[in-house]
Structure formats: C-alpha cells, structure tokens
Amino acid sequence: MDDSLGEIRAALADVSQRLYQAHHCAGLAAKGIAEAVAVLTDLDRSHHESLVPPELLRADEELTRGLGLISGGVDSVAAVEARL
C-alpha cells in the first residue's frame, strides 16, 4: 500500500508542477494582452474608431477565467496532497 500511496503522491506532485507552469505561462500571456490593450487604447486617442479588437478583449476575459480555473486546480491538488 505504501508503494501505491507513493505513486499517488508522485502523480499529484507532477500535476501540481504542471499547473504551476500553466499558471505562469497564462500569467505571461495575460501581461502581454494587457500591454497590447494599453498600447491600442493609447493609439485610440488619435483615431476615430477603436483599435482594440473585441476578440482581444474576449481573449483577456477568457484568460482571466482560465487563470481562475488553474488556481482552483492548484488549490484542489494541494488539498488532496495535504490529506495524504
């Protein structure tokens, strides 16, 4: 039984690492989107139409939602690890 528990702990550690990596990458993407929106918003001042594509704003919303889901996954894995 200890071998099985060790395997479960190792699998959870792997999942946890992957979730942290995903969160880091998604965070970098969110930062890039925020910078792009800021630049385009600044350029909007001298243009008669919005330069910020609605798809970019939707991507920002979805990425924010995804970051929340990843964080929830991190918390869930940590809770399972703590109970083992």
Side-chain angles (χ1 to χ4, degrees):
M1 178 134 169
D2 286 333
D3 287 339
S4 297
L5 189 56
E7 290 174 17
I8 292 170
R9 284 186 173 139
L12 287 171
D14 183 53
V15 169
S16 183
Q17 166 120 15
R18 290 173 189 255
L19 285 170
Y20 280 114
Q21 289 173 341
H23 195 274
H24 175 73
C25 290
L28 291 175
K31 181 179 177 183
I33 288 175
E35 290 172 0
V37 168
V39 167
L40 292 171
T41 299
D42 191 45
L43 291 172
D44 273 351
R45 294 181 191 146
S46 60
H47 199 268
H48 64 286
E49 290 182 26
S50 176
L51 297 175
V52 180
E55 296 84 4
L56 187 59
L57 297 175
R58 278 196 297 276
D60 183 46
E61 291 170 5
E62 285 300 311
L63 192 51
T64 299
R65 188 176 79 78
L67 279 165
L69 293 171
I70 293 168
S71 292
V74 168
D75 293 343
S76 295
V77 170
V80 171
E81 286 177 315
R83 288 194 304 259
L84 293 178

Is the closest side-chain heavy-atom distance between Leu19 and Val15 below 4.5 Å?
yes

Is it the case that one hydrophobic cluster holds both Leu28 and Leu67, taking links as side-chain heavy atoms less than 4.5 Å apart, direct or via other members?
no

Salt bridge (Lys or Arg N to Asp or Glu O under 4.0 Å) involving Arg9 - partner list, sequence neighbours excluded:
none

In Å and rounded to the nearest 0.5 Å, what is the CG to SG distance from Leu63 to Cys25?
11.0 Å

Nearest-0.5 Å distance that lies between atom CG in Leu57 and atom CG in Leu40:
9.5 Å

Give a yes or no on whether Val77 and Leu69 share a hydrophobic cluster (residues Ile, Leu, Val, Met, Phe, Trp, Tyr; joining criterion: side-chain heavy atoms under 4.5 Å apart).
no

For Glu81 against Ala13, the heavy-atom pair lying closest together
OE2-N, 3.6 Å

With a 4.0 Å cut-off, would you call Glu62 and Arg65 a salt bridge?
yes

To the nearest 0.5 Å, what is the distance between CD1 on Ile33 and CZ on Arg58?
12.5 Å

Summary of side chain to side chain donor-acceptor pair (under 3.5 Å) pairs that have at least one residue in residues 21-39, sequence neighbours excluded:
His23-Ser71

